[in-house]
**Student:** 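Sending over a structure as structure tokens; questions will come in a sec.
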Amino acid sequence: SSKIISRGCENAYNLIKKKFKEDFIIDIDIENESADYATLTIICFDTPFIIDSINNELQSRDIDINLFSHKAFNPKDYENYQFTNIGNNKITVLQFYISNWFDNNFYDKLIAKISEILECTKVAVDDWKNMKSSLSVCIDNLTKSLELKNNLEINQEYLNFLKFLSEDHFIFLGYTHAKSS
């Protein structure tokens, strides 16, 4: 109902106004103990993967999502928390309107897990440029090695795949250093 959505909007606004500084906020609002719904509000910096990652966590816990809302805004576009010129997605407000079948202990564990997800996502996204830079160095080194000698372990197909990953095909999620024996 519009009453539920209005309450969710007011809650998100108050969370931003009172608490949001630099990390993230996770809040579960339940109107009263017998309410059929709860509103999970997450306020964080807008980054790739957060919606799918949180949605997957909710689904893995058999939580029914009745409605989802997502709004991103640039914090430079408001002064004293008076929104003036919404644009350039920087901060995101995610709200999942879920069926309220759970107790506070369940919700506490859910908040802890979502905190982990947000922290891991931030690390992965923040490290993206470093990973891409390292991949470019690997491509250059492998290309030189292939040009210098007929190396049976390196072929053009491998290099083509690495180049594909480096061309903003956002499936390259991590790397590690390894030493061959």
**Student:** Please step through side chain to side chain contact (heavy atoms under 4.5 Å, CB included) for the pair Ile26 and Leu40, ending with a clear verdict.
**Tutor:** CA-CA 7 Å; Ile26 304 168; Leu40 168 63; 3.8 Å; yes
**Student:** Mark yes or no for whether Ser6, through its side chain, and Ser2, through its backbone, hold a donor-acceptor pair below 3.5 Å.
**Tutor:**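 No, the answer is negative, given that no donor and acceptor are paired below the 3.5 Å cut-off.
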**Student:** When rounded to the nearest 0.5 angstrom, what is the spacing between CG in Asn100 and CD1 in Ile28?
**Tutor:** 9.0 Å
**Student:** What is the minimum heavy-atom distance between Cys44 and Leu118, and which atoms define it?
**Tutor:**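 For Cys44 and Leu118, the tightest heavy-atom pair comes out as SG-CD2, 4.1 Å.
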**Student:** To the nearest 0.5 Å, tell me how far Ile91 CD1 sits from Ile25 CD1.
**Tutor:** 9.0 Å
**Student:** For Ala12 and Val93, which heavy atoms make the closest approach, and how far apart are they?
**Tutor:**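 Heavy atoms of Ala12 and Val93 come nearest at CB-CG1, 3.8 Å.
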**Student:** For Glu31, does the CD atom have more than 12 heavy-atom neighbours from other residues, nucleotides or ligands under 6.0 Å away?
**Tutor:**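 Count over threshold, so yes.
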**Student:** Has the side chain of Gln95 got a donor or acceptor atom that lies under 3.5 Å from a matching backbone atom of Gly8?
**Tutor:** yes
**Student:** Could you walk me through whether Ile65 and Leu58 pass side chain to side chain contact (heavy atoms under 4.5 Å, CB included), step by step?
**Tutor:** CA-CA 8 Å; Ile65 302 169; Leu58 296 177; 3.9 Å; yes
**Student:** In sequence, state the C-alpha distance, the side-chain angles, and the governing distance for Asp36 and Ser99, and then conclude on side-chain hydrogen bond (donor to acceptor under 3.5 Å, both in side chains).
**Tutor:** CA-CA 6 Å; Asp36 293 334; Ser99 297; over 6 Å; no
**Student:** Could I get the full list of side chain to side chain contact (heavy atoms under 4.5 Å, CB included) partners for Ser136, not counting sequence neighbours?
**Tutor:** none
**Student:** Say you draw a straight line from CZ of Phe45 to CZ of Phe24; how long is it, rounded to the nearest 0.5 Å?
**Tutor:** 11.5 Å
**Student:** Side-chain contact, heavy-atom cut-off 4.5 Å: Leu94 with Ser69?
**Tutor:**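 Leu94 does not reach Ser69 side chain to side chain.
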**Student:** With sequence neighbours left out, write down each residue that passes side chain to side chain contact (heavy atoms under 4.5 Å, CB included) with Thr121, or none if nothing qualifies.
**Tutor:** Thr47, Phe49, Ile50, Ser53, Ile117, Val125
**Student:** Would you call Tyr158 and Leu162 a side-chain contact if the rule is heavy atoms closer than 4.5 Å?
**Tutor:**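 They are not in side-chain contact.
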**Student:** To the nearest 0.5 Å, what is the distance between CG on Asn130 and CG on Leu135?
**Tutor:**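 Going from CG on Asn130 over to CG on Leu135, the span is 12.5 Å.
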**Student:** Does any pair with a residue in residues 103-116 pass salt bridge (Lys or Arg N to Asp or Glu O under 4.0 Å), and if so which ones, sequence neighbours excluded?
**Tutor:**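 Listed once each, the pairs are Lys113-Glu116.
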**Student:** Taking only residues two or more places apart in sequence, or in another chain, which ones meet Glu57 in a side-chain hydrogen bond (donor to acceptor under 3.5 Å, both in side chains)?
**Tutor:**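 Partners of Glu57 under the side-chain hydrogen bond (donor to acceptor under 3.5 Å, both in side chains) test: Arg61.
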**Student:** Other members of the hydrophobic cluster containing Tyr37, with the 4.5 Å side-chain heavy-atom rule, please.
**Tutor:** Ile4, Ile5, Leu67, Tyr97
**Student:** For the pair Phe102 and Ile63, evaluate side chain to side chain contact (heavy atoms under 4.5 Å, CB included) and give the outcome as yes or no after the intermediate values.
**Tutor:** CA-CA 9 Å; Phe102 310 103; Ile63 295 175; 3.7 Å; yes
**Student:** Checking the side chain of Asn11 only, and the main-chain atoms of Arg7 only, is there a donor and an acceptor separated by less than 3.5 Å?
**Tutor:** no
**Student:** Could Glu167 and Lys132 be called an ion pair, given the rule that one side-chain N must be under 4.0 Å from one carboxylate O?
**Tutor:**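 Salt bridge flag = no for Lys132 with Glu167.
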**Student:** Let me check something: do Phe161 and Leu142 share a hydrophobic cluster, defined by ILVMFWY side-chain heavy atoms less than 4.5 Å apart, either directly or through other members?
**Tutor:**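 Result: yes, single cluster for both.
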**Student:** Is a donor on one side and an acceptor on the other found under 3.5 Å between the side chain of Asn55 and the backbone of Ile51?
**Tutor:** no
**Student:** Could you give the distance from OG1 (Thr92) to CD1 (Ile42), rounded to the nearest 0.5 Å?
**Tutor:** 9.5 Å
**Student:** Just say parallel, tilted or perpendicular for the rings of Phe96 and Phe68, cut-offs at 30° and 60°.
**Tutor:**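 The arrangement is tilted - the two ring planes meet at 30° to 60°.
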**Student:** Could you work out, with side chain to side chain contact (heavy atoms under 4.5 Å, CB included) as the rule, every residue matching Asp62, not counting sequence neighbours?
**Tutor:**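 Here no residue qualifies.
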**Student:** In terms of side-chain heavy atoms, does Asp29 have a donor or acceptor partner in Thr41 at a distance below 3.5 Å?
**Tutor:** no
**Student:** Ile98 vs Tyr107, test: side chain to side chain contact (heavy atoms under 4.5 Å, CB included). Steps then yes/no.
**Tutor:** CA-CA 12 Å; Ile98 59 178; Tyr107 289 132; 4.1 Å; yes
